[in-house]
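Along the sequence shown, residues carry numbers from 1.
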Amino acid sequence: SNTIWARATLGLKGTVLASAIDTKDVAEHLVRQGKPQNISITMWAMATMGAEARNLASAVDREDVVEKLLQEGTLQAISNTIWALATLGIEARNFASAVDRKYIVQKIVQEGKPQDIANTIWAMATMGAEARNLASAVDRKDVVQKLVERGKLQDICNVLWSLATMGVEARNLASAADREDVVQKLVREGTPQVISTTIWALATMGAEVRNLASVVNRKEVVQKLVKEGKPQDISNTVWAMASMKVECPGLINGIEGEAERIMRNGDIQHISNIAYALADLGYFEKRVFDAVAGQVERVAREGNQQHLCNILWSLAVARRIKENERSVEVLWKEVNKRDVDSFVQKGLRQLKLTTLFASCEGVKLKAGEGHQQKMDETALHASADGTGEFEENIAKELVRFGFTGFRREISPFAGEEGGELLKIDMAFEKEQVALELDGPSHFLKSMEEKGDGEEPRRDGQTSAKSRLMESLGWQVFRHGYLSDRKLNKMPEEKRREFWV
């Protein structure tokens, strides 16, 4: 154990030694005769070297060996062993189940160092273990305090990633991670990978992180992410901002300046995420979408169905179809080659929207019969956008003020082309006037104070819907929920004047 530990620590390869250790007889000798520390450092070394250790891992996950490690081993030995098993891609169900026992969890969070806690929960998340007891304990206020005050940034980042991957909200840790002092330390000392993973994890949890979201948009932080970070770091960050629906012009400017390099060096997932995030946020920067279009041959060759749908939808929402028509043809042709049953509902809906938005630019995208049928079926079963109560109240007010002749939830198309997609909230059909009512989901959150009466920025799909309706001859009026709150404070006569 000491010999292979030394080679791994020195960064030396030990292929022959690792192979010999992983024979069944040596692995058996190690787990029977060795102390937990011997087992732990051997596993750590094998994982650090990237050596295959299936026999040793199998032996370590035996119930008798697991009990030996838990009863006689230090917390560091336990955390190093489970970290090594996860790093080697071993599920280790016995070990994972035993580590989540309440008394072991209590010992880990009370006596363990932040790195021990971080390594253990990272391993559990990487293995796909449930770890309910550990996940719950890690979000206790006393444990959060230990992690934030004594842990390294990488430890905090790893714990957040683990909890997000497990689908745990972790409100206490999320709140602490967004404290001003923690955020300042993160952007000052953290690597681009740590910054991006942290905000990705918080966004995945659904946390409200005003301090971190605001700081990520600052020039020096954007420069660190864009200049020093990998495409994955940039992709994770802008995806998080889109997921939280936060305005981020500084980050978008930074991405725009390096768009060609980012798209060229990024993998298909990164290209897809960045394109989708910008379109969703309503930042339609030409240079970025031109750079995306420049990678379509690779996307068509290597991308999965969702990548194709995301990128086509993004180009359509951003009104970049016509100017990148050849690139769109490449992707559309590839879509029609793929088995239609391999596309999920979200993807089919994106493809249908792509055809509708493309029509605004005078581009007709023709799908194969099977694909068209599935896209149309998806459009017919699309759900409403959730402005029901808002819409109901406005309808009552309009009737009270004598406005008649409007209908609700009307397709902007002459026929049934759009199905249930893109329906107008309130339509005066004779005059071709559309009243669109925008609830919170239509707006981005602003991290800066807005002037009196100034509404936040609307998102990309809201802008694209207005553009489509206008191309069909509709006059579009948009009324947001914040404007409506102000309107409701006015006397009745003023409200009547507003609607007139």
Side-chain angles (χ1 to χ4, degrees), residues 206 208 210 242 244-247 280-282 317 349 352-353 356-357 360 379-500:
E208 180 104 8
R210 294 189 68 85
M244 295 186 289
K245 293 188 80 77
V246 175
E247 290 182 6
D280 193 35
L281 288 166
V317 168
R349 186 166 60 251
K352 180 66 177 180
L353 286 167
L356 297 175
F357 290 136
C360 298
L380 285 171
H381 296 96
S383 57
D385 64 4
T387 56
E389 186 179 353
F390 182 21
E391 187 178 316
E392 191 69 36
N393 292 337
I394 297 297
K396 288 177 181 177
E397 175 139 305
L398 290 177
V399 171
R400 187 166 70 250
F401 291 152
F403 290 95
T404 57
F406 65 85
R407 294 175 63 202
R408 294 164 59 180
E409 300 301 319
I410 298 300
S411 174
F413 302 97
E416 293 299 318
E417 187 178 352
E420 294 296 311
L421 295 169
L422 304 174
K423 286 202 166 180
I424 300 170
D425 293 331
M426 294 186 181
F428 295 83
E429 293 175 284
K430 184 179 177 182
E431 300 85 353
Q432 261 202 310
V433 171
L435 174 59
E436 285 288 285
L437 304 172
D438 297 336
S441 65
H442 290 264
F443 294 95
L444 306 186
K445 300 182 188 80
S446 176
M447 297 295 107
E448 298 176 358
E449 290 295 325
K450 294 285 184 184
D452 188 38
E454 187 182 358
E455 284 190 320
R457 182 188 181 100
R458 283 175 167 84
D459 67 13
Q461 186 154 302
T462 301
S463 301
K465 182 181 178 183
S466 290
R467 193 172 68 234
L468 178 139
M469 288 190 291
E470 288 165 357
S471 76
L472 295 171
W474 290 87
Q475 189 176 5
V476 182
F477 293 92
R478 306 209 76 99
H479 182 56
Y481 74 105
L482 292 175
S483 297
D484 196 59
R485 286 179 186 173
K486 291 179 182 177
L487 184 64
N488 287 334
K489 294 176 183 177
M490 296 180 185
E492 184 169 314
E493 190 55 39
K494 289 286 186 185
R495 296 205 306 275
R496 184 191 299 273
E497 287 177 15
F498 171 84
W499 289 116
V500 170

Would you name the heavy atoms of Phe443 and Lys245 that are closest together and state the gap between them? O-CE, 3.5 Å
Specify whether Trp499 and His479 have parallel, tilted or perpendicular ring planes, treating 30° as the upper limit for parallel and 60° as the lower limit for perpendicular. perpendicular
At their closest point, which heavy atom of Leu472 faces which heavy atom of Gln432, and how far apart are they? O-NE2, 3.4 Å
Check whether Arg457 reaches the backbone of Gly282 with its side chain - one donor and one acceptor, N or O, closer than 3.5 Å. yes
Hey, does the side chain of Glu436 reach the backbone of Ser466 with a donor-acceptor pair shorter than 3.5 angstrom? no
What is the distance from atom CD1 of Ile394 to atom CG of Asp425, rounded to the nearest 0.5 Å? 10.5 Å
How far apart are the closest heavy atoms of Leu281 and Ala242, and which atoms are they? CD2-CA, 3.7 Å
For Arg495 and Leu487, the nearest pair of non-hydrogen atoms, with its separation, is CD-O, 3.1 Å
Quick one, Phe403 with Phe428, criterion ring-ring contact (aromatic ring centres under 6.0 Å, His included). Give me CA distance, side-chain angles, the key distance, then yes/no. CA-CA 10 Å; Phe403 290 95; Phe428 295 83; 7.0 Å; no
Could you give the distance from CG (Leu421) to CZ (Phe413), rounded to the nearest 0.5 Å? 8.5 Å
If you measure from the Lys or Arg side-chain nitrogens to the Asp or Glu carboxylate oxygens, is any gap between Glu397 and Arg400 under 4.0 Å? yes
Note: Lys423-Glu409 ion pair, threshold 4.0 Å (strictly below): no
Taking every heavy atom of Pro412 against every heavy atom of Leu468, the minimum-distance pair comes out as CG-CD2, 4.2 Å
Sidechain N-carboxylate O distance under 4.0 Å for Glu392, Arg408: yes
Please check if the side chain of Arg467 supplies one atom and the backbone of Val317 the other of a donor-acceptor pair under 3.5 Å. yes
For the residue pair Ile410 and Ala427, what are the closest heavy atoms and their distance? CB-CB, 4.0 Å
